[in-house]
Amino acid sequence: MLSANPKMLPRLDEIEEDLRARRKRAIAETWQGEIEGIDLSLIFLRSKREQTRRFQGSGPVDLGLPHPRHPSQPISR
């Protein structure tokens with residue numbers, strides 16, 4: 001699962017607003033399959049937004065830099 005950049009949170013809010021408007025229309029038109037699909041999209045979107053907010057406070061993790069082996073050094077086993 002990909003992580004969203006915290007800078008994208010306002011865009012996720014816009015997408016949710018659009019989905020709610022589409023859901024309202026789908027209800028008015030009685031498009032059951034569309035309503036179910038939109039409901040699933042809303043669940044995933046809200047989950048992604050919460051995940052992004054949780055990770056927003058944590059910074060990058062320093063994994064360090066690998067040190068290349070000099071060709072004259074033996075390979076340790």
Side-chain angles (χ1 to χ4, degrees):
M1 183 182 242
L2 296 175
S3 297
N5 186 324
K7 294 177 185 176
M8 294 300 294
L9 285 170
R11 180 66 181 130
L12 293 177
D13 294 336
E14 291 174 18
I15 293 169
E16 181 176 8
E17 186 178 322
D18 179 62
L19 284 169
R20 282 187 281 142
R22 288 176 50 198
R23 187 178 191 283
K24 187 181 284 188
R25 176 156 184 226
I27 290 171
E29 300 286 342
T30 63
W31 296 334
Q32 271 319 109
E34 187 73 12
I35 295 167
E36 292 171 11
I38 291 171
D39 286 345
L40 276 176
S41 295
L42 283 167
I43 289 168
F44 293 133
L45 180 130
R46 290 171 181 155
S47 172
K48 179 60 69 179
R49 183 173 41 222
E50 288 308 311
Q51 175 194 28
T52 303
R53 286 184 177 146
R54 272 195 315 273
F55 292 133
Q56 189 174 17
S58 64
V61 175
D62 181 17
L63 299 176
L65 293 174
H67 298 288
R69 183 182 62 81
H70 191 275
S72 65
Q73 290 177 325
I75 298 175
S76 59
R77 294 180 193 245

How many angstroms lie between atom CZ of Arg49 and atom CZ of Arg54, to the nearest 0.5 angstrom? 12.5 Å
Test: Glu50 and Arg53 ion pair at under 4.0 Å: yes
Closest non-hydrogen contact found for Leu19 with Ile38 is O-CG2, 3.5 Å
Calculate, to the nearest 0.5 Å, the distance between atoms CD and CZ belonging to Glu34 and Arg25 respectively. 9.5 Å
Between the main-chain N or O of Lys48 and the side-chain N or O of Thr52, is there a donor-acceptor pair closer than 3.5 Å? yes
Rounded to the nearest 0.5 Å, the CG atom of Asp18 sits from the CD atom of Glu14 at a distance of 9.5 Å
Check the hydrophobic clustering (I, L, V, M, F, W, Y; side-chain heavy atoms under 4.5 Å; chains of links allowed) and say if Met8 and Ile15 are grouped together. no
State whether the number of non-hydrogen atoms from other residues, nucleotides or ligands found under 6.0 Å of Glu29 atom CD is greater than 12. yes
CA sep, side-chain torsions, deciding dist, call: Leu12, Glu16, side-chain contact (heavy atoms from CB on, under 4.5 Å): CA-CA 6 Å; Leu12 293 177; Glu16 181 176 8; over 6 Å; no
Rounded to the nearest 0.5 Å, what's the gap from CD1 on Ile27 to CD on Gln32? Could you check? 8.5 Å
